[in-house]
Trainee: 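Here you go, one structure.
Heavy atoms only: backbone and side chains are in, while hydrogens, waters and symmetry mates are out. Chain naming here is simple, since letters A, B, ... match the order of the sequence lines and numbering starts at 1 in each.
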Amino acid sequence: MAVALLHDQDTAHDIVASIFETLLHSNAGSKPTESYLLQAVRNRCLNEIRNKSIHERIAQGLFLDDSEYATNNDCPDEQTFSAISTIIHDQLPEKCQKVINLRFYDGLQFAEVAREMGISQTAVFKHLRNAIMLIRKKLTNNG
Amino acid sequence: MDKYDLILNIIEHPENYSPQRLKEVFSDEETREIYNTLCKTRSAVESQKLCNSDEEWQKFQSKHLRPKFRFLWLNGRAATITAIAASALAATAIGLSIKMALPHLQDATPLPPSDIATTKTDFIAVSSDSITVTPDTTTFSKKPIIFEDATLVSIMKSIADTYGVTTEFRNSKIGQLHLYYRFDPSLSLEETIGQLNTFNQINIRINDKTLIIE
């Protein structure tokens, strides 16, 4: 959940480790529940995000509006993530899938994605734009 | 440049835009919606890099609760494998139907468990389907016991029962320490005590047939 919220594995690991360390040194006698852990992780992540400037948020692909994170759930919107993953794997053309994976999974810059795929950066933009348009359309249609 | 291209340019080079310009761009509702879809897409892809909380807890335990033990484990693996192989050979040679009374025990009456400083072991009457052991080098062919958030008192009682020794807590608070510990009865008493001594808060020494915990 921390990785899904922060888009940064290192910071996510630091936050989770910090929570475990706090629990370890606390006087609590019983093992924490999964719900407690998820809520603790979520709260720490949101504190981390709130302190970020607009530039930092954009660089890490974080929402610009804190209200986007204000949900009643302990977990991120897993249903939406699952729907997006399905759209990516089942409905996007192969090149659009590859651009998304290289950009967001492997963390390459657009220029590096272009080099990897042997296409121009303009073409990379075009594939990603088509992907986002399709995802946006499918999410809107599904409600 | 349409909105999609503008957003993609912004996420690639946010430093080229002033905070005021960014706020102006994202004041448009559709632009914000496209950007949010992009964020959710990134989250969906990032969440595939699974972070299993149980796995992380186990990794954290092994890294922070037993820092020295990792070194011991790496260097003691060969010794552990040898000990297990030796105990398997010993078990085969002795057989499954020998009874043995442990000679050093004088009191055969089982005592109730207690958190007070000293505890005594019970008289061990080995049934016909178990393995004979000697008091100092216990090699019961039992499965490892996982203690989850157990007190040191309960862990030490199990160890004392296994190896046929007594325990003496010189520090009453240490007994209430809660630990996650994997007790492998196939190891020798010295090896088991060595594992526990890797915890910074614990100091156990063997004095003849008594384990002194400080």
Side-chain angles (χ1 to χ4, degrees), chain A residues 1-9 12-13 16-17 20-21 24 28-31 34 37-38 41 53-65 68 76-78 80-85 87-88 100-101 103-105 109-111 121 124-126 128-133 135-136 139, chain B residues 1-23 25-27 29-61 63-65 148-151 176 178-180:
Chain A
M1 182 221 272
V3 173
L5 280 172
L6 296 173
H7 302 165
D8 179 345
Q9 278 209 321
H13 275 113
V16 171
F20 283 162
E21 186 139 4
L24 195 65
S30 57
K31 188 177 173 181
E34 184 175 344
L37 283 174
L38 287 172
V41 167
S53 68
I54 190 168
H55 280 102
E56 286 170 324
R57 291 198 188 204
I58 289 170
Q60 288 181 256
L62 305 174
F63 291 130
L64 301 178
D65 190 346
E68 291 289 339
D77 188 355
E78 290 188 355
T80 303
F81 295 161
S82 176
I84 292 173
S85 292
I87 295 166
I88 291 172
I100 286 187
N101 284 329
R103 180 70 178 89
F104 297 136
Y105 196 93
Q109 297 294 305
F110 286 130
Q121 196 166 320
V124 172
F125 269 39
K126 186 186 96 179
L128 191 52
R129 186 232 246 116
N130 289 344
I132 299 301
M133 279 174 70
I135 290 169
R136 193 173 159 223
L139 288 180
Chain B
M1 187 183 282
D2 73 356
K3 289 177 182 177
Y4 283 91
D5 286 339
L6 178 59
I7 291 168
L8 293 178
N9 253 311
I10 287 172
I11 67 167
E12 186 71 350
H13 298 290
E15 68 281 1
N16 291 347
Y17 299 82
S18 68
Q20 288 78 11
R21 176 68 182 132
L22 290 173
K23 282 179 184 164
V25 167
F26 287 107
S27 64
E29 193 178 329
E30 190 188 4
T31 306
R32 215 165 46 245
E33 197 199 322
I34 295 168
Y35 175 78
N36 286 345
T37 304
L38 206 60
C39 291
K40 290 179 187 174
T41 303
R42 182 169 174 174
S43 291
V45 174
E46 292 267 9
S47 67
Q48 290 172 12
K49 300 174 189 175
L50 290 174
C51 190
N52 184 300
S53 61
D54 283 340
E55 233 176 77
E56 287 302 308
W57 178 243
Q58 294 295 329
K59 281 184 197 170
F60 181 82
Q61 279 187 88
K63 192 175 171 186
H64 289 85
L65 287 182
E148 283 197 20
D149 203 31
T151 62
Q176 298 311 311
H178 287 253
L179 300 173
Y180 288 84

Trainee: Non-hydrogen atoms of chain A under 4.5 Å away: do they reach the side chain of Ile34(B), the backbone, both or neither?
Mentor: both
Trainee: So how far is it from Ile54(A) CD1 to Gln20(B) CD, rounded to the nearest 0.5 Å?
Mentor: 9.5 Å
Trainee: Looking at Met133(A), Arg136(A), Lys126(A), Gln109(A), which has the largest count of heavy-atom pairs under 4.5 Å with chain B?
Mentor: Arg136(A)
Trainee: Taking only residues two or more places apart in sequence or in another chain, which ones pass salt bridge (Lys or Arg N to Asp or Glu O under 4.0 Å) with Lys3(B)?
Mentor: Asp28(B), Glu30(B)
Trainee: According to salt bridge (Lys or Arg N to Asp or Glu O under 4.0 Å), who are the partners of Arg32(B), at least two apart in sequence or on a separate chain?
Mentor: none
Trainee: Heavy-atom pairs under 4.5 Å with chain A - which of Leu8(B), Thr37(B), Asp5(B), Ile10(B) has more of them than the others?
Mentor: Leu8(B)
Trainee: With distance as the sole test, does Tyr105(A) use its side chain to make a donor-acceptor pair with the main-chain N or O of Arg42(B) at under 3.5 Å?
Mentor: no
Trainee: With a 4.5 angstrom heavy-atom cut-off, is it the side chain or the backbone of Ala111(A) that approaches chain B, or both, or neither?
Mentor: backbone
Trainee: Please flag which part of Asp2(B) lies under 4.5 Å from any non-hydrogen atom of chain A: side chain, backbone, both or neither.
Mentor: side chain
Trainee: Of all the heavy-atom pairs spanning Phe125(A) and Asn9(B), show the shortest one and how long it is.
Mentor: CE2-N, 4.0 Å
